[in-house]
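Note: hydrogens, waters and symmetry copies are ignored here, and every other heavy atom, side chains too, is used. First listed ligand is number 1; within each ligand, the first listed atom is number 1.
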Amino acid sequence: MKILIVGSGGREHAIATAVAKSPRAEKIYCAPGNAGIGQIAECVPIGAMEFDKLVGFAKENAIDMTIIGMDDPLVGGVVDAFEAEGLRVFGPRKNAAILEGSKAFSKDLMKKYNIPTAGYETFDDPAKALEYLETAKMPIVLKADGLALGKGVLICQTLEEAKAGVKEIMEDKKFGSAGNNMVVEEFMTGREVSVLSYVDGKTIQIMSSAQDHKRAKDGDQGLNTGGMGTFSPSPFYTAKVDEFCKKYIYQATVDAMAAEGREFKGIIFFGLMLTPEGPKVLEYNARFGDPEAQVVLPRMKNDILDVMDACIDGTLDQIKLEFEDNACVCVVLASDGYPLAYEKGKLIEGTEKFDAEDGYYCFHAGTKLNEDGKFITNGGRVLGITAKGATLKEARANAYAATEWVTFENKYMRNDIGKAIDEA
Ligand code: AMP
Ligand code: GLY
């Protein structure tokens, strides 16, 4: 099979690595990809939002399956563009990707179908939002409705902060048109767990759980980022939690989408909060998490192309999804200063060591090749240093040991990825 992967981050490197393991994969392309992906796939200089060019490339090169890694093209309708030309593509159509693309849509869906989530109100008028906030209980959470690179969420401790937040989101449009509508949500407490799943429109199969670390600094301080590290499985995702979610959340979501005439095929990523009243949905994403994919996919035993084929064909009920009985940890090496200003173009050394070590992965995110063909930094999140271990503690020790193999100027990482494991 010839495969095209759309995206350019660590997640797409993890997807490409899983695809490369499949005996069915003859040739892998990635648009636009990055320097690390370029070691196992042919990178093509087409942007993820250039639908016509992507479709054209897939036709000219007789691509058998295109896998969409990123949220923006999915929400923008890239799957519809491929299907309109009779091309095989993995991911939800536009009318289903709205599950991630609009927080107001997803909240209304959960309310209508009794899927546990935080209480909320939706506003399109800042004056109404301000009026509501006057009597609301603090802290409170404000969310820009649309896609905002994971940054459109404000947790406000006081009424003053909340008022400033309404101005930022709805009036100053800090997150662009994502802030035309705003969800105001009850603040929840508890541990967060990421659960990724494969969905074929009717059947849902859950992957092993994971936990992300979204803040830039140790001790969950600093600004929100795309994710600074992950571990899988989450020891807090117990059999009891799993049973609850299977009963009230997972299948219920797939059935709700189908009932709305928005059949969902692809990945549903459930962002869960394990609250004192039980698990609740924080958010849905319509794609693999980044860096969740980096710790979940290396543990998956199945041929990823078989599973994706089953999602497209509606035969996922015939697949037995299996994960290794071990653990995996990913520590993101970032450019110091991320998620604000940082320098790029720094020489990266030591990545070749990963090629020789089983169970260790150096997933590239913001990297490119310089004129001499050497890796240099090209983004905020640079590499996802990932290692397996028999236990979470062992995987964490292995991953941190491997962070030492790689050097670049202004290398920054959190030193407490997976610290929560010690409390389990
Ligand atoms: P989201 O993009 O909706 O996942 O929100 C980003 C982050 O904000 C989440 O990972 C949580 O840490 C936090 N968050 C979102 N909604 C709530 C909520 N209702 N209560 C508490 N924290 C929240
Ligand atoms: N790691 C969180 C996300 O991919 O949205």
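- Close approach of ligand 1 to Met273 is summarised as follows: ligand atoms under 4.0 Å from at least one heavy atom of the residue are 21 (C), 22 (N).
- Atoms of ligand 2 lying under 4.0 Å from any heavy atom of Glu292, numbered from 1 in the order shown and given with element: 1 (N), 2 (C), 4 (O).
- Of the polar atoms of Glu283, none of the N or O atoms is found under 3.5 Å from an N or O of ligand 2, judged by distance alone.
- No close placement of the Phe51 and Phe82 rings is indicated, their centers lying 6.0 Å or farther apart.
- The N/O atoms of Lys214, backbone and side chain alike, include one that comes under 3.5 Å of an N/O atom in ligand 1.
- Using a 3.5 Å distance cut-off with no hydrogens or angles, the side chains of Ser335 and Lys344 do not pair a donor with an acceptor.
- Counting heavy atoms closer than 4.0 Å to ligand 2, residue Asn285 contributes side-chain atoms (C-beta onward) but none from N, CA, C or O.
- In this structure, Gly226 is part of the shell of residues with a heavy atom less than 4.0 angstrom from ligand 2.
- When only interatomic distances are considered, the shortest N/O to N/O separation between Ile155 and ligand 1 does not fall below 3.5 Å.
- The heavy atom nearest to atom 5 (O) of ligand 1, considering only Leu154, Val153, Asn285, is found in Val153.
- Two rings, from His213 and Phe231, have their centers less than 6.0 Å apart.
- The option with the heavy atom closest to atom 4 (O) of ligand 2, from among Arg287, Gln294, Arg11, is Arg287.
- Salt bridge status for Glu134 with Lys163: present, with a side-chain N to carboxylate O gap under 4.0 Å.
- Ring pair Tyr284/Phe270 is perpendicular by interplanar angle, where above 60° counts as perpendicular and below 30° as parallel.
- A salt bridge links Arg414 with Asp416: the closest approach of a Lys/Arg side-chain nitrogen to an acidic carboxylate oxygen falls below 4.0 angstrom.
- No close placement of the Tyr338 and Tyr412 rings is indicated, their centers lying 6.0 Å or farther apart.
- Taking only non-hydrogen atoms, the option from Glu185, Glu283, Lys103, Lys143 nearest to atom 15 (C) of ligand 1 is Lys143.
- Contact annotation: for Glu192 versus ligand 1, heavy atoms closer than 4.0 Å belong to the side chain alone.
- The shortest N or O to N or O distance between Asp290 and ligand 2 is below 3.5 Å.
- Shown in contact with Asp212 at under 4.0 Å from a heavy atom are these atoms of ligand 2, numbered in order with element: 1 (N), 2 (C).
- At least one heavy atom of Gly289 lies less than 4.0 angstrom from ligand 2.
- A salt bridge is absent between Asp303 and Lys21: the closest approach of a Lys/Arg side-chain nitrogen to an acidic carboxylate oxygen does not fall below 4.0 angstrom.
- Ion pair Lys112/Asp108 not flagged as a salt bridge, since none of the NZ, NE, NH1 or NH2 atoms sits closer than 4.0 Å to an Asp/Glu carboxylate oxygen.
- The aromatic rings of Phe244 and Tyr248 sit tilted, their planes meeting at an angle between 30° and 60°.
- Close approach to Phe187 involves these atoms of ligand 1, each under 4.0 Å from a residue heavy atom: 20 (N), 21 (C).
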